[in-house]
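Have a look at the structure below before the remarks.
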Amino acid sequence: MSNTSWKKTLNDEQLMAVEHLSGPSLIIAGAGSGKTRTLTYKVLNLLENNVAPERILLLTFTNKAANEMTERVASLIGTQKANRIYAGTFHKIGNIFLRKYAKVLNIANDYTILDREDSVSVMQQALKSTSMPLNEKEFPGKKILMAIMGLSKNKHCSIEDVVSEHFSQFTDYVQEIEKVINKYEKLKLEIKGIDFDDMLVLWLQLLKDENTAPKIIKQFDYVLIDEYQDTNKIQSDLTDILASEKQNLTVVGDDSQSIYSFRGADFGNIITFTERYENAKIFKLEVNYRSTKSILELANSSIAHNTLQYEKNLRSFDGRRGTKPIIKNFRNVYAQAEGVTGEVSQLLRNGTSPSEIAVLYRSHYHSMELQMELTRNSIPFTIHSGLKFFELAHNKTLVAFLRASENLKDFVSWKRLLSICQGIGPKTSDKIMSGISKYENLKDLDTNKITSLAPKKSQSTMKELMVIFENIAKLDLKEGPGESVRHIIESPFFNNYLLKNFQNVDERMDDCWQFLSFVEKFISISELLDELSLVSSGEDYYNGNPGIVLSSIHQAKGLEWKNVFIIWLCEGKFPVYKSINIKENLEEERRLFYVAVTRAKQKLYLSFPRVDSRNQHGYERPIEASRFLMEIPPHLYQDSDNYYY
DNA sequence: GCGAAGTCGTTTTTT
DNA sequence: ACGACTTCGC
């Protein structure tokens, strides 16, 4: 009962890729070429050819992308069937197998997933075991240690190799670095924690286990990978093994949009794909449906400065030129914020929907002045960069309560809670923590004894904290985590915490109630915690604020708007200083610029301040325009000389 | 003298 | 938000 009317909505390039069903294939898809559509219809086509949905594995870069594709398929063939497809990030799907085969891996089956912030806390603890002098220049701080460890796991190579390749200034300290990282691994075992990188490492370990691997591999007939240019070594190994038996592997990517090398991503994976799969079919999607010709020309001329890339010829579908991109420079960052705000309110007055406007930038802090200016002008906005809903401090505190009550040895959560108490700092919380970890579970915890470990002036707060745990211990866990959370939110301890730490207490309180209604959907705490760290990146819980979007370029990947502003285009800010002298890094910055530019459908505004006045009063450091702007031939943008502010 | 807490300047990107 | 540095309080 095949309904093939969807075929009419695809162009020839896309249709060929969609109709190629068996065997390996590589789809090189330019920006705005309908990559997601193509992949979605390929899945649909498989289903129409009687492939069972649960035998399809679709791995994407974000869960949001997977959900969008699944929903589209669902609208055509029904939700029930569509939801049986294995679709999600490597991490989300991997987690399913880690839970199932925890025994094989010899890990606790009630492990918690540590997010980035948690992992950094564990690393901080691990660093206490070194006798090295801790300053950034002499011995790597926790940030660099995290980076070294992450790369070694994601690239699947030794710490020594990572240090000599990326952090050669620290080669003398390799042994000490290894020692700290070993300590980090040991600490994670104590708290039954697994970090993001571990999830991939452990999944690969499962796929190398001779008993378990065949079970997992035989489960899937078709494997599809989105954003292949951003896979790292371990992800491409996982992919190869998962597809090893049937060889029905489709990878989709654009080497010009590879922007995650700091996480070990290697677009060499695309380049070597045809070497690894000699019979692979190659499809190129080169028609851009998104942007006007003017925008596309600017993007193409910029990316042409990169030497390391695939040959591609991205053509505009829309014959119209549209308006040329505008480059504006401003007296300083405040003038830039005012200028962008002015332009945005102009667009809004002319009837543009806020959902068609986005401001993009290289780093989170680049949006500060703009946020203030938009607020002053009562223009609503949603921030896509930085912290997500569940990463907000007050929500993380609620999670810390749950985790602390589940596992008394979870020092990451306990220390978060203890540090809330006035008068308890790092030293005292270490002391109290060693007291708490002597107990096995919450019901045995002698709260009076723990309270007495705190200094006198902190005892009353400490008692309030302990009362919460006494009450949680009394609750019936079968009720699910909802009751515990309600209890915490209503406690004096938590209310005082909100009052002391935040100005917008009412807003934060609303968030907490929203958090509660989310939590009440879950029966078990571990299921809830999985969902929090893997699935809900938060966007869906920012209840439909109709504002314009402010976003880091990294998070704008895959999205599009009619009007796009890119701000802070200065040497040192974008590209960042650290990348300027390293060719590979500079080219990645340029790809990032390319991603930013190709988000725009109709109008593109590029701007930069002439001085960096964010630091000292009265001392304004002049700052140059980004080389990415200087490289663009002047006939491709509107003359900005009229726009001095 | 120790540990907590406040101030100042700087800030790459994230599943 | 974080590290380096200073000040405060016991």
Side-chain angles (χ1 to χ4, degrees), chain A residues 59-66 88-95 113-117 119-121 124 127 134-137 141-144 146-147 150-151 153-154 195-200 203 226-227 230-232 234-235 258-265 360-368 384-388 391-393 396 418-419 421-431 454-458 500-501 532-538 551-557 568 572-580 585-586 588-589 591-593 595-596 612 614-617 619 621:
Chain A
L59 295 173
T60 53
F61 193 76
T62 62
N63 285 303
K64 202 174 152 218
T89 55
F90 277 90
H91 292 85
K92 185 185 165 188
I93 304 294
N95 189 48
I113 298 161
L114 304 176
D115 67 15
R116 188 110 196 120
E117 197 188 337
S119 309
V120 172
S121 311
Q124 184 151 38
L127 269 167
L134 277 175
N135 68 57
E136 304 255 323
K137 273 185 195 133
K142 60 187 174 191
K143 267 190 198 154
I144 297 166
M146 293 294 294
L151 283 177
K153 286 181 182 173
N154 286 322
D195 66 30
F196 280 133
D197 302 326
D198 291 336
M199 299 185 72
L200 301 182
W203 193 12
D226 194 11
E227 307 282 11
D230 282 321
T231 54
N232 50 41
I234 196 156
Q235 286 167 326
S258 173
I259 53 175
Y260 278 91
S261 71
F262 65 92
R263 215 163 83 184
L360 309 180
Y361 37 83
R362 177 65 176 86
S363 315
H364 301 310
Y365 75 97
H366 291 166
S367 71
M368 298 308 278
H384 272 211
S385 62
L387 295 181
K388 318 278 177 50
E391 290 162 0
L392 297 172
K396 291 215 69 160
L418 291 169
S419 67
C421 306
Q422 190 70 243
I424 296 180
K427 293 279 170 185
T428 320
S429 85
D430 269 349
K431 200 175 83 187
K456 261 192 201 122
K457 62 167 186 171
S458 308
K500 211 186 311 162
N501 290 280
L532 284 176
S533 33
L534 288 178
V535 188
S536 35
S537 50
S551 174
S552 71
I553 299 168
H554 282 88
Q555 291 206 351
K557 185 175 189 178
W568 267 108
K573 305 291 179 185
F574 188 14
V576 293
Y577 283 117
K578 285 177 184 166
S579 299
I580 284 178
N585 295 359
L586 184 63
E588 176 149 327
E589 295 282 309
R591 290 193 293 271
L592 195 56
F593 180 64
V595 168
D612 183 0
R614 87 171 28 253
N615 13 3
Q616 296 99 322
H617 286 291
Y619 188 76
R621 204 172 47 226

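Quantities reported herein were computed from a predicted structural model and do not represent experimental measurements. Each chain gets a letter, A, B and so on, in the order its sequence line appears, and its residues count up from 1.
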* Asked: Of all the choices, B:dT11, B:dT13, B:dT14, which nucleotide is nearest to the side chain of A:Tyr260 once you look at every atom?
  -> B:dT14
* Starting from P on B:dT14, measure out to CZ on A:Phe61 and report it in whole angstrom. => 10 Å
* Asked: Can you name the side chain to side chain donor-acceptor pair (under 3.5 Å) partners of A:Asn585, sequence neighbours left out?
  -> none
* Ignoring backbone atoms, test whether A:His364 places a side-chain nitrogen or oxygen under 4.0 Å from the OP1 or OP2 oxygen of B:dT11. => no
* For the pair made of CZ in A:Arg116 and C1' in B:dT15, what is the distance, rounded to whole Å? -> 11 Å
* Structure fact -> Taken to the nearest 0.5 Å, the spacing of A:Lys456 NZ from A:Ser458 OG works out to 12.0 Å
* Asked: Is the distance from OP1 or OP2 of B:dT13 to the nearest side-chain N or O of A:Lys578 less than 4.0 Å?
  -> no
* Only counting residues at least two apart or in another chain, list the ones meeting salt bridge (charged side-chain N to carboxylate O under 4.0 Å, His left out) with A:Glu227. => A:Lys35, A:Lys557
* How long is the line joining CE of A:Met368 and P of C:dA1, in whole Å? -> 10 Å
* Does A:Phe90 have any ring-ring contact (aromatic ring centres under 6.0 Å, His included) partners at least two apart in sequence or in another chain, and if so, which? -> none
* To do: Report the distance from atom CG of A:Leu592 to atom P of B:dT14, rounded to the nearest whole Å.
  => 10 Å
* Sequence neighbours left out, what passes side chain to side chain donor-acceptor pair (under 3.5 Å) with A:Ser363? Give chain and number order. => none
* Which nucleotide in the set B:dT11, B:dT14, B:dT15 lies at the smallest distance from any side-chain heavy atom of A:Thr62? -> B:dT15
* Atom CG of A:Leu59 to atom C1' of B:dT15: distance rounded to whole Å? -> 12 Å
For nucleotides 4-8 of chain B, list the nitrogen or oxygen atoms of the protein found under 3.5 Å from its nitrogen or oxygen atoms, one pair per line.
| from | atom 1 | to | atom 2 | distance (Å) |
| --- | --- | --- | --- | --- |
| B:dA4 | OP1 | A:Gly425 | N | 3.0 |
| B:dA4 | OP1 | A:Thr428 | N | 3.1 |
| B:dA4 | OP1 | A:Thr428 | OG1 | 2.3 |
| B:dA4 | OP2 | A:Pro426 | N | 3.4 |
| B:dA4 | OP2 | A:Lys427 | N | 3.2 |
| B:dA4 | O5' | A:Gly425 | N | 3.4 |
| B:dA5 | OP1 | A:Gln422 | OE1 | 2.8 |
| B:dA5 | OP1 | A:Gly423 | N | 2.4 |

* Can you tell me the distance, in whole Å, between the CE atom of A:Met199 and the C1' atom of B:dT15? => 10 Å
* **Residues which pass salt bridge (charged side-chain N to carboxylate O under 4.0 Å, His left out) with A:Asp198, listed by chain and number, not counting sequence neighbours** => A:Lys153, A:Lys188
* Asked: Does the ring of A:Phe262 meet both stacking tests against the six-membered base ring of B:dT14: centre distance under 5.5 Å and plane angle under 30°?
  -> no
* **Candidates A:Val576, A:Leu360, A:Ile553 - the one meeting side chain to side chain contact (heavy atoms under 4.5 Å, CB included) with A:Leu592** => A:Ile553
* Structure fact -> Testing B:dT14, C:dG3, B:dT15 for proximity to the side chain of A:Lys142, the answer is C:dG3
* Euclidean distance, atom CG of residue A:Leu127 to atom P of C:dC2 [Å, nearest integer] -> 15 Å
* **Atom-to-atom span, CG of A:Asn154 to P of B:dT13 - whole angstrom** => 18 Å
